[in-house]
Amino acid sequence: MVTTSGISADRVVEAFRQSGVTHIVWLPDSETGFLYEALVREKSLTLVPVAREGESMAVAAGLWMGGKVPLVLIQSTGFFESGDSIRGLVLDLDLPLVMCIGYRGYERTTPRTQRPDSAAVYLEPVLQAWGIPYYLVESDEDVGRIVQAFREAEQRQGPVAVLMCTEYTAARRRGNA
Amino acid sequence: MIDSAEATRLIYQHAGSATVIPTMTALRLWRALGLRLERDFPLVGAMGKASSLGLGVALAQPQHKVIILDGDGSLLNNLGTLVTIGNMSPPNLYHFVYQDGVYTTTGGQPIPGAHIVRFADMARAAGYRSAYDFSDLEAFASELPRILAQQGPVLVCLRVRHPPTLPPLAVGQIDRKKAIRQVRQTLTGRPA
């Protein structure tokens, strides 16, 4: 399935599979909701829905402690909400965790500080402040970056973020960006 | 009311090979008995998340028992966890909540709803397979072996009062990076 975002859900899920992901700890969001059906179809993945994003970091830490390969899938707003769990668990414990984050309000051609949605103003500076490397995924051509993120998380023994920029690609398809 | 140190001692005696995740005041009491470095992970630094972390371990290792020692203030800090756990329904998860009605760590200020909240009822409504509420040590001691033998998820609320002097938390003495990798090695058999 290729959604209006221009990113193929099947290709994204295949990247998760290639990376050895066993569990998706997630709270659906507008940018990555299109993945749901493909995630449910992929039998090698277990979905762990959480009630609030802060839980996702701790559930993922527990899965990792138990020998699995979790992926956290949340929106940037949930990333902000998860702040203390990221600090106290993911960063303090040097967890090799990949967080796939829906980049709400992303507009490539608008200077970051002038974006109307403050979620898109603060996401990258917060990641930088915490020293969390990140990759942008704007189209199918970028999906390989997900596999790269897992490699990097393992090598550095620390978190890496993948920012899903589907609002931008959807707007580009409509000719608005 | 149950003496929290005695309740902790009972759980310690019956924990067997389970992975135990103690937090806050329960962590102080558990450590005083002797943290089992290859099995237990002390949760400090992410208030309220002991049960979420325990859920992850329980899902990763479904044949292995996971015991969470939570606080009432901590659970309130992450109350949605009850629904997340109830929804995933891991049969190997045992969630003990020490209900003292106060934030002990910060000096004893009351938690919201200290005299109202009933965690066992909440857990049942959230999908836990069973839930208990104890305020008597003998009753708890009598039921504990049966509780740990049944399928989870189970929540056990313990109405506790603490000893006059609690053991120190001494967070700085815990190497948590090492601790999580030690438990991972035990659970997976793979080098950390």
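Order of the sequence lines fixes the chain letters, A, B, ..., with proteins taken first and strands second; residue numbering starts at 1 for each chain. Note that this is a predicted model, so its numbers are computed, not measured.
Heavy atoms closer than 4.5 Å to chain A are found in the backbone of V44(B), but not in its side chain. Heavy atoms closer than 4.5 Å to chain A are found in both the backbone and the side chain of S52(B). Contact annotation for L53(B): both backbone and side-chain heavy atoms come within less than 4.5 Å of a heavy atom of chain A. Only the backbone of L47(A) comes within less than 4.5 Å of a heavy atom of chain B; no side-chain atom from C-beta onward does. At a 4.5 Å heavy-atom cutoff, the contact between L43(B) and chain A is made by side-chain atoms alone.
Options G67(A), A58(A), G88(A), S56(A) differ in how many heavy-atom pairs under 4.5 Å they form with chain B, and the most are formed by A58(A). When H64(B), Q61(B), R176(B) are compared by the number of non-hydrogen pairs under 4.5 Å with chain A, R176(B) comes out ahead. With respect to chain A, the highest number of heavy-atom pairs below 4.5 Å among G80(B), G45(B), G56(B) belongs to G56(B). Of the residues considered (T186(B), I180(B), L55(B), T188(B)), I180(B) shows the highest number of contacts with chain A, using heavy-atom pairs under 4.5 Å.
A side-chain donor-acceptor contact under 3.5 Å links Q148(A) and R151(A).
With sequence neighbours excluded, no residue satisfies side-chain contact (heavy atoms from CB on, under 4.5 Å) with T113(A).
A salt bridge links D121(B) to R118(B): one of the charged nitrogens lies within less than 4.0 Å of a carboxylate oxygen. A salt bridge is defined here as a Lys NZ or Arg NE, NH1 or NH2 lying under 4.0 Å from an Asp or Glu carboxylate O, and E138(A) with R108(A) meets this definition.
Taking 4.5 Å as the limit, every side-chain heavy atom of Y98(B) sits out of range of all side-chain heavy atoms of R159(B).
Rounded to the nearest 0.5 Å, atoms CE (M24(B)) and CE (M47(B)) are 4.5 Å apart.
Both tests do not hold together for R87(A) against W130(A): distance to the six-membered ring centre under 6.0 Å, angle to the ring axis within 45°.
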